[in-house]
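Along the sequence shown, residues carry numbers from 1. Just so we're clear, the structure is a prediction, and the values are computed from it rather than from any experiment.
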Amino acid sequence: MLSATQGVLAKTFVYVSAATDGKIDSYSMDEKAGTLTPVATFDAGKMVMPMTVGPDKKHLYAVVRSQPYRVLTLAIDPTTGNLTQAAVAALPDSMPYVSADPSGRLLFASSYGGNKIAVLPIDPDGRVTNGTRQMILTGRNAHSIVSDPTGKYVFATNLGSDVVLQFLLNPETGMLEPNNPPEIATKPGFGPRHIIFSPGGKSVYVVTELTGHVIHYSLDPAKGTLTEIESVASVPDDAGLSPGIAPPPPPPFSVTTPAAAPVDDGKPKVWAADIGITPNGKFLYTTERTTSKIALFHVGDGSGNLTYVTNYPTEKQPRGIRIDPSGRFLIATGEKSDKIAVYAIDQANGALTPIDRYPVDAGANWVEIVNLP
């Protein structure tokens, strides 16, 4: 859809995966105005979805969730932002989330349908070529997996089991080991989805897909364990939504009759998706797909405590948001929109002001921003 533009000079590039069309659309960003210029389109394959930028800022890792399941290593041209495939590696399942550890040695992925997480080695040259080094079966519906900023600890959400798994990363073997305790439970029916860390790493925030809460945890820097501090709603009561319903667990092998599905009250359901925090740690945002809104929270200085402020209309069914490294702009994608939206972030109160909307291929869901030195 987008034609390549030669000679584009920029330091900040934006990448959006469009699952339906199987494309990754790239844009250059004006670092002062926040405006975007379409650069090129990379044909990644149907159901290309989660992406992450390597710590070296030279590679974009993109997961394809159609058969054969795979992760692409895409080299980023530092002048134009164009993508070139440098490697491909097999994945053990359809993976809706991918992240890299801070050292750039490991890639983490989680499988919602396969109830598992995987660890893949990243070669010294930044490519992922060898496939899965470690696979761990989890509770139901593993949804995201991230390392803390130090690289010592790794956390994974299980949406269907209402837990956050806690791991230690063995620095010698590059393997995950269960922490003590190995998990922390959320309230039943919350459905923990995506995880982010405060800039200093003291606070951890988890958005819950089925209730739209943000759970605020403190992180013990010596043990790598989480303690829940608070849970704050991102969806106001007047939105008219009921909590979402998680898939029922499969019946035990000894049971022939499946468990009854939860009762549906017929009302529209909460369907939260993504979460982001500004680099200065002052403002936090989440998305809700049923109402197509972005929620704004203020983050308490020092405490990390959250105060819900308001929400803003955005692209239809907003799957992904990202904040640029300067903390001045937020980009949102909508799975049912043919545009992506850029907002200016008010540096005093976090308010979002629309800057412009830009064309994107069908099924836009994941957005990544890289600022090159």
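Side-chain atoms of Glu31 and Thr12 form a donor-acceptor pair, as typed in the model, at a separation below 3.5 Å. Judged by distance alone, the side chains of Ser144 and Thr157 do bring a donor and an acceptor atom under 3.5 Å apart. Under 3.5 Å, the side chains of Glu335 and Asn365 contain no donor-acceptor pair of N or O atoms. If you check the side chains of Asn115 and Thr138, you find no donor sitting under 3.5 Å from an acceptor.
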- For side chain to side chain donor-acceptor pair (under 3.5 Å), just list the numbers for His143 and Ser110, CA-CA rounded to whole Å, side-chain angles, deciding distance to a tenth of an Å, and then say yes or no. CA-CA 6 Å; His143 212 307; Ser110 60; 5.7 Å; no
- Query: Going through the distances and angles, do Asp30 and Lys32 end up as a salt bridge (Lys or Arg N to Asp or Glu O under 4.0 Å)?
  - Reply: CA-CA 6 Å; Asp30 185 305; Lys32 295 182 179 179; over 6 Å; no
- Message: Apply side chain to side chain contact (heavy atoms under 4.5 Å, CB included) to residues Phe167 and Glu177 and explain how you reach the verdict.
- Response: CA-CA 5 Å; Phe167 295 96; Glu177 301 170 356; over 6 Å; no
- For Ile145 and Val154, what are the C-alpha separation, side-chain angles and deciding distance, and is it a side chain to side chain contact (heavy atoms under 4.5 Å, CB included)? CA-CA 7 Å; Ile145 179 169; Val154 173; 3.6 Å; yes
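Counting only heavy atoms from C-beta outward, the side chains of Phe297 and Val232 approach each other to under 4.5 Å. Here the side chains of Leu219 and Phe197 are in contact, with some heavy-atom distance below 4.5 Å. Here the side chains of Leu72 and Val64 are in contact, with some heavy-atom distance below 4.5 Å. With contacts defined as side-chain heavy-atom distances shorter than 4.5 Å, the pair Tyr217/Ile229 does not qualify. In this structure the side chain of Leu284 reaches within 4.5 angstrom of the side chain of Val214, judged on heavy atoms. Side chains of Ile76 and Lys57 form no contact here, defined as non-hydrogen atoms less than 4.5 Å apart. Side-chain contact between Pro182 and Gln166 is absent, with no heavy-atom pair separated by less than 4.5 Å. Residues Phe108 and Ser147 form a side-chain contact, since some pair of their non-hydrogen atoms from C-beta on lies under 4.5 Å apart.
More than 12 heavy atoms of other shown residues, nucleotides or ligands fall within 6.0 angstrom of atom NZ in Lys116. Residue-environment remark: NZ (Lys202) stays at or below the threshold of 12 foreign heavy atoms within 6.0 Å. The environment of NZ in Lys336 is sparse: at most 12 heavy-atom neighbours from other residues, nucleotides or ligands sit within 6.0 Å.
The ring of Tyr205 has its center no closer than 6.0 angstrom to the ring center of His194. Checked against a 6.0 Å centroid threshold, the rings of Phe190 and His213 count as neighbours.
Ion pairing of Asp21 with Lys23 is absent here, as no side-chain N (NZ or NE/NH1/NH2) approaches a carboxylate O to less than 4.0 Å. Ion pairing of Glu315 with Arg357 is present here, as a side-chain N (NZ or NE/NH1/NH2) and a carboxylate O approach within less than 4.0 Å.
Hydrophobic clustering, with ILVMFWY side chains joined whenever heavy atoms are under 4.5 angstrom apart, keeps Val98 apart from Val88. Linking Ile, Leu, Val, Met, Phe, Trp and Tyr whenever their side-chain heavy atoms come within less than 4.5 Å puts Tyr312 and Ile345 in one cluster. Met29 and Val16 fall within a single hydrophobic cluster, where Ile, Leu, Val, Met, Phe, Trp and Tyr side chains are chained together by heavy-atom contacts under 4.5 Å. Met51 and Tyr97 end up in the same hydrophobic cluster when Ile, Leu, Val, Met, Phe, Trp and Tyr side chains are linked at under 4.5 Å. Both Tyr343 and Ile323 are part of a single hydrophobic cluster, where members link through side-chain heavy atoms under 4.5 Å apart.
Residues that satisfy the salt bridge (Lys or Arg N to Asp or Glu O under 4.0 Å) test with Arg289, not counting sequence neighbours, are Glu209. With sequence neighbours left out, the salt bridge (Lys or Arg N to Asp or Glu O under 4.0 Å) criterion links Arg322 to Asp274, Glu368.
Put simply, the residue from Asp324, Val342, Ile321 that forms a side chain to side chain contact (heavy atoms under 4.5 Å, CB included) with Ile331 is Val342. Only one option out of Asp123, Asp125, Asn130 pairs with Arg127 in a side-chain hydrogen bond (donor to acceptor under 3.5 Å, both in side chains); it is Asp125.
Expressed to the nearest 0.5 Å, how far CZ of Arg105 lies from OG of Ser103 amounts to 4.5 Å. Distance check, rounded to the nearest 0.5 Å: CD1 of Ile196 to CD1 of Ile277 gives 5.0 Å.
Using a 30° and 60° split on the angle between ring planes, His59 and Tyr61 fall in the parallel class, below 30°.
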